[in-house]
Amino acid sequence: MEKVLNFIEGEFREPVGVAFLENYNPATGQVYSLVSQSETQDVDMAVVAAKKALPAWKKMNADDRFRILNRIAELIERDLDKLAAAESRDQGKPVWLAKTEMQRAAQNFRFFATAAMQFASESHQTDSRAINYTLRQPVGVVGCISPWNLPLYLFTWKIAPAMAAGNCVIAKPSEFTPFTAYMLGALCNEAGLPAGVLNIVHGLGSGVGQAMVEHPEIKAISFTGGTATGRHIASVAAPMFKKLSLELGGKNANIIFADADLKEAVKTSVRSSFLNQGEICLCGSRVFVEKPVYEKFKAELLEELKQLKTGNPEDDAVRVGAIVSKQHFEKVLSYIILAKEEGGVVLTGGEAVTPAGFEQGWFIAPTVIEGLGWNCRTNQEEIFGPVITLIPFETEDEVLQMANSTAYGLATTLWTGDLKRAHRMAEALETGIVWVNCWLLRDLRTPFGGMKQSGVGREGGWEAMRFFTEPKNVCVAY
Ligand code: NDP
């Protein structure tokens with residue numbers, strides 16, 4: 001069985017303890033590869049390699065760094081089909097969707113390689129007596145920890161700006177979805193990335209992840225994952241004053257006003273609820289609909305969902321693939337049971353499905369529930385699966401209060417034909433991202449991240465370049 005090995009100092013290495021975890025294909029429920037179960041010693045070795053590579057990498061001419069990172073982007077594109085097939089097998093998502101994410105992974109490298117070339121520093125004159133300028137220096141050795149939902153896309157979203165800014169990286173993908181990060185190691189070597197600039201250590205969060213956060217030589221941690229894990233990481237990192245970027249969970253509202261283009265709102269709500277099996281931190285899981293159009297929206301949504309095929313990830317017509325792991329599959333199903341106990345009425349879905357040929361896989365039918373109050377557990381806790389609730393509302397103030405009444409603050413989608421209302425709502429919503437009459441239109445230059453328990457800091461564009469650099473002000477008198 002193929003082994004997912006660590007990538008340290010440009011070499012593929014078995015973990016020091018020679019222990020491996022089983023890696024499952026969620027569509028078949030079968031083990032298909034073994035993942036290195038690394039520990040503290042493996043992280044230590046990766047840090048030694050990164051420290052060795054750091055002086056040359058941070059001094060490298062920006063143009064040369066640009067060329068290497070751009071080359072990685074080209075190689076991802078060359079191997080797009082292979083990477084997408086591997087991502088789908090590891091994560092459960094449809095292959096066609098994985099292809100779009102692999103393009104985005106390539107784009108992450110291209111975008112941040114270019115950003116590094118244009119990352120200007122500030123300068124300020126002091127009363128004709130002195131000039132101040134700000135050096136933006138790499139932080140040093142940094143850690144990047146990523147989740148399982150958009151594996152290579154989120155992995156590269158972190159490592160690309162970190163390397164572009166001149167840092168050397170220790171990175172840990174989720175042990176549920178390590179395969180494309182493993183494949184990336186070979187592409188980095190082919191692109192001529194110097195050994196030790198990127199080190200990938202596989203294993204459990206409680207082992208490798210914890211060792212990274214505790215390591216005194218890893219000066220910053222960029223983490224995307226659940227809020228509970230983020231809270232734990234913050235508590236471990238705080239005594240060391242380690243730089244932290246935390247992109248955490250969400251319980252996003254999708255708000256449909258009666259004056260919206262209903263057809264467009266229905267079509268996009270299907271995507272924003274069920275793309276990637278609802279396993280995207282930005283998916284809207286609480287759908288608030290203004291009362292005059294509630295029944296019409298519901299009927300059209302349910303009609304549209306009849307077309308949504310669940311099953312074989314290799315089938316281009318399939319829109320909903322398998323749930324990433326057995327644990328997560330059971331967690332999502334337990335929330336459907338909870339919703340019923342809380343008085344919810346399942347309008348469609350509500351159960352596991354077994355597509356022909358995939359009887360052992362972990363599939364859940366797209367599920368729509370109504371009849372729940374905005375403050376019940378189902379409407380407050382992150383489910384992170386193909387489950388949404390419909391909630392009617394009467395006024396703008398009422399929906400604003402309900403939308404904001406959650407511990408999370410990641411994203412909101414608004415559907416309205418009233419421009420003034422759109423601006424008013426966007427200003428009042430307590431989320432880091434607001435989409436108006438669209439969803440998941442991403443521009444890599446924009447700040448990305450959440451408020452409240454959805455995280456600390458932002459990624460994307462200059463935000464990422466700032467996070468991965470230390471500003472140093474130099475004041476020169478003349
Ligand atoms: P987890 O928090 O369980 O894990 C995220 C990563 O952290 C994994 O690599 C995990 O490793 C690792 N980890 C776990 N424990 C520790 C620890 N003690 N120290 C260091 N690292 C640790 O999240 P999931 O993988 O379940 O991802 C789903 C979550 O991610 C959802 O809550 C979702 O909302 C959020 N997310 C947020 C996004 C955002 O931008 N705000 C984007 C995408 C997802 P291991 O897998 O081995 O446990």
Side-chain angles (χ1 to χ4, degrees), residues 22-31 88-94 97 147-150 174-177 225-229 249-252 254 269-270 272-287 301-302 305-306 308-313 318-391 406 408:
E22 293 182 324
N23 190 24
Y24 289 82
N25 176 341
T28 62
Q30 304 300 312
V31 176
S88 165
R89 187 182 50 181
D90 225 13
Q91 208 277 341
K93 66 182 73 218
L97 178 60
W148 47 254
N149 60 330
L150 308 170
S174 166
E175 100 274 7
F176 292 110
T177 54
T227 295
T229 317
K251 188 73 182 173
N252 308 314
N254 177 16
S269 294
V270 170
S272 68
S273 306
F274 302 112
L275 189 71
N276 203 43
Q277 301 74 246
E279 296 165 335
I280 301 182
C281 54
L282 303 168
C283 280
S285 52
R286 298 179 294 151
V287 186
L301 182 79
L302 293 176
L305 287 181
K306 288 184 188 155
L308 211 67
K309 197 169 161 192
T310 303
N312 181 2
V318 159
R319 286 293 167 271
V320 181
I323 302 293
V324 70
S325 65
K326 188 155 189 289
Q327 291 110 289
H328 194 58
F329 169 79
E330 283 165 359
K331 178 183 158 188
V332 175
L333 288 176
S334 76
Y335 269 105
I336 297 173
I337 293 168
L338 173 72
K340 289 181 194 161
E341 286 167 2
E342 290 185 314
V345 177
V346 175
L347 300 174
T348 186
E351 57 194 8
V353 284
T354 47
F358 295 87
E359 287 76 10
Q360 307 303 314
W362 306 309
F363 295 87
I364 296 178
T367 298
V368 181
I369 300 169
E370 71 171 355
L372 288 168
W374 60 270
N375 55 354
C376 66
R377 277 185 59 203
T378 311
N379 277 330
Q380 291 294 318
E381 296 175 17
E382 187 183 38
I383 301 175
F384 214 54
V387 180
I388 62 167
T389 59
L390 300 184
I391 308 160
T406 143
Y408 295 104

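Sequential numbering from 1 along the given sequence is applied to the chain's residues. Any value given below was found using the heavy atoms of this structure, including those in side chains, with hydrogens, waters and symmetry copies removed.
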Please tabulate, for the side chains in residues 356-367, all donor-acceptor contacts under 3.5 angstrom to protein atoms that are two or more places apart in sequence or on a different chain.
{"from": "E359", "atom 1": "OE1", "to": "G357", "atom 2": "N", "distance (Å)": "3.3"}
{"from": "E359", "atom 1": "OE2", "to": "G357", "atom 2": "N", "distance (Å)": "3.0"}
{"from": "T367", "atom 1": "OG1", "to": "G350", "atom 2": "N", "distance (Å)": "2.8"}
{"from": "T367", "atom 1": "OG1", "to": "A365", "atom 2": "O", "distance (Å)": "2.7"}

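- E351 meets the side chain to side chain contact (heavy atoms under 4.5 Å, CB included) test with no other residue; sequence neighbours excluded.
- In this structure, N252 contributes its side chain and S285 its backbone to no donor-acceptor pair below 3.5 Å.
- Shown here are the side chain to side chain donor-acceptor pair (under 3.5 Å) partners of T227, two or more places apart in sequence or in another chain: there are none.
- Annotation: the span from I388 atom CD1 to S269 atom OG amounts to 7.5 Å, rounded to 0.5 Å.
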request  = Starting from the C-alpha separation in whole Å, work towards a yes-or-no answer on side-chain contact (heavy atoms from CB on, under 4.5 Å) for F176 and Q327.
outcome  = CA-CA 11 Å; F176 292 110; Q327 291 110 289; 3.5 Å; yes

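- The shortest side-chain heavy-atom distance between F274 and L305 falls under the 4.5 Å cut-off.
- Taking the side chain as every heavy atom from C-beta outward, V332 and P386 approach each other to under 4.5 Å.
- Checked by atom type and distance alone, the side chain of T229 never pairs as donor or acceptor with a backbone atom of G225 at under 3.5 Å.
- Heavy atoms of other residues, nucleotides or ligands lying less than 6.0 angstrom from NZ of K331 number more than 12.
- Counting only residues at least two apart or in different chains, salt bridge (Lys or Arg N to Asp or Glu O under 4.0 Å) contacts with residues 361-370 comprise K298-E370.
- When side chains are defined from C-beta on, S88 counts as touching P313, because their heavy atoms get closer than 4.5 Å.
- Side-chain atoms of Q277 do not come within 3.5 Å of backbone N or O of E279 as any donor-acceptor pair.
- Here the closest heavy-atom approach between residue G311 and residue P355 is recorded as CA-CG, 3.6 Å.
- Side-chain N or O atoms of R319 include none that pairs as donor or acceptor with a backbone N or O of L275 at under 3.5 Å.
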For residues 372-385, which side-chain N or O atoms pair as donor and acceptor with protein atoms under 3.5 Å away, sequence neighbours left out?
{"from": "R377", "atom 1": "NE", "to": "E381", "atom 2": "OE1", "distance (Å)": "3.4"}
{"from": "R377", "atom 1": "NE", "to": "E381", "atom 2": "OE2", "distance (Å)": "2.7"}
{"from": "R377", "atom 1": "NH2", "to": "E381", "atom 2": "OE1", "distance (Å)": "3.2"}
{"from": "T378", "atom 1": "OG1", "to": "E342", "atom 2": "OE1", "distance (Å)": "2.4"}
{"from": "N379", "atom 1": "OD1", "to": "T389", "atom 2": "OG1", "distance (Å)": "2.6"}
{"from": "N379", "atom 1": "ND2", "to": "G373", "atom 2": "O", "distance (Å)": "2.9"}
{"from": "Q380", "atom 1": "NE2", "to": "W374", "atom 2": "O", "distance (Å)": "3.0"}
{"from": "Q380", "atom 1": "NE2", "to": "S405", "atom 2": "O", "distance (Å)": "2.9"}
{"from": "E381", "atom 1": "OE1", "to": "Y335", "atom 2": "OH", "distance (Å)": "2.5"}
{"from": "E382", "atom 1": "OE2", "to": "G250", "atom 2": "N", "distance (Å)": "3.1"}

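- Partners of K340 under the salt bridge (Lys or Arg N to Asp or Glu O under 4.0 Å) rule, at least two apart in sequence or in another chain, do not exist in this structure.
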key: Pair H328-W148, side-chain contact (heavy atoms from CB on, under 4.5 Å): steps then yes or no   = CA-CA 11 Å; H328 194 58; W148 47 254; 3.7 Å; yes

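- Closest approach of T177 and P147 over heavy atoms only: OG1-O, 4.1 Å.
- Separation of atoms OG (S273) and CG (L308) is listed at 9.5 Å; rounding is to 0.5 Å.
- When each of L347, V387, V346 is tested with V368 by the rule side-chain contact (heavy atoms from CB on, under 4.5 Å), just one qualifies, namely L347.
- Checking N149 against N276 by side-chain atom types alone, no donor-acceptor pair falls below 3.5 Å.
- D90 is not listed as a side-chain neighbour of N25, based on a closest heavy-atom distance of 4.5 Å or more.
- For the atom pair NZ of K251 and SG of C281, the computed distance is 14.0 Å after rounding to the nearest 0.5 Å.
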inquiry  = Go through it in stages, so that I can follow the logic: the residues are L150 and I280, the test is side-chain contact (heavy atoms from CB on, under 4.5 Å), and I'd like the CA-CA distance, side-chain angles, deciding distance and then a yes or no.
reply    = CA-CA 8 Å; L150 308 170; I280 301 182; 4.2 Å; yes

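- Contact annotation: the side chain of Y24 approaches that of E22 to within less than 4.5 Å [non-hydrogen atoms, C-beta and beyond].
- A donor-acceptor pair under 3.5 Å links the side-chain atoms of Q30 to the main chain of T28, judged by distance alone.
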